[in-house]
Amino acid sequence: MISEGQIVKIEKAKHLGDHKLKLSFNDGTEQTIDFGHFLSNSLNPLIRKYLNRNEFMKYKINEGDLEWNDYDLCFPVADLYENNIRP
C-alpha cells in the first residue's frame with residue numbers, strides 16, 4: 001500500500017497474452033490489466049492502432065510510467081494502480 005506522500009511507480013510489466021499486462025508497483029501491489037476493451041472502444045485511430053499485437057508489444061516502463069512509443073499512448077499511474085482505465 002502506498003503511504004501518504006509516496007510516489008506510485010510501475011517497476012515491471014509482464015505480457016500475459018492478447019492485450020493483458022501484469023503490472024508490479026513499487027509498494028508490492030500487482031494488477032492484471034486488460035487494455036483490449038479500452039483500445040477497441042476508442043474512436044481515435046492513433047489509439048486503436050495498439051489493437052495490433054506488434055504495436056501493443058512496444059510498451060516500456062519509463063521512469064515509473066507505462067508508455068508506448070515515447071508517450072504516444074500512456075495512462076495515469078493512479079488509474080493503472082486501481083485497475084481503472086476507461087475509453
| said: Under a 3.5 Å cutoff, is there a donor and acceptor pairing between the side chains of S42 and N44? | reply: no
Looking at [atom1] of [X] and [atom2] of [Y], how far apart are the two atoms once the value is rounded to the nearest 0.5 Å?
X: K49; Y: L73; atom1: NZ; atom2: CG; value: 9.0 Å
X: E63; Y: K9; atom1: CD; atom2: NZ; value: 7.5 Å
X: L80; Y: D65; atom1: CG; atom2: CG; value: 9.0 Å

| field | Closest non-hydrogen atom pair between G64 and V77, with its separation | value | O-CG2, 3.7 Å
| note | Minimal heavy-atom distance between I85 and F75, with the atoms involved, is CG2-CD2, 3.8 Å
Contacts under 3.5 angstrom, residues 14-23 side chains, donor-acceptor by atom type, not counting sequence neighbours:
| unit_1 | atom_1 | unit_2 | atom_2 | d |
| --- | --- | --- | --- | --- |
| H15 | NE2 | D18 | O | 2.9 |
| H19 | NE2 | Y50 | O | 3.4 |
| H19 | NE2 | L51 | O | 2.9 |
| K22 | NZ | E30 | OE1 | 3.3 |

For [Y], is there any backbone N or O sitting under 3.5 Å from a side-chain donor or acceptor partner on [X]?
X: N26; Y: I7; value: yes
X: R48; Y: S40; value: yes
X: D72; Y: W68; value: no

| message | Under the rule for side chain to side chain contact (heavy atoms under 4.5 Å, CB included), what residues qualify as partners of N54, not counting sequence neighbours? | response | N52
| field | Contacts of type side chain to side chain contact (heavy atoms under 4.5 Å, CB included), residue K60, not counting sequence neighbours | value | E67
| request: Please work out which of the three classes, parallel, tilted or perpendicular, describes the rings of F25 and Y81, given edges at 30° and 60°. | output: perpendicular
| field | Reference residue I33; test side chain to side chain contact (heavy atoms under 4.5 Å, CB included); the match among L66, N83, N84 | value | N83
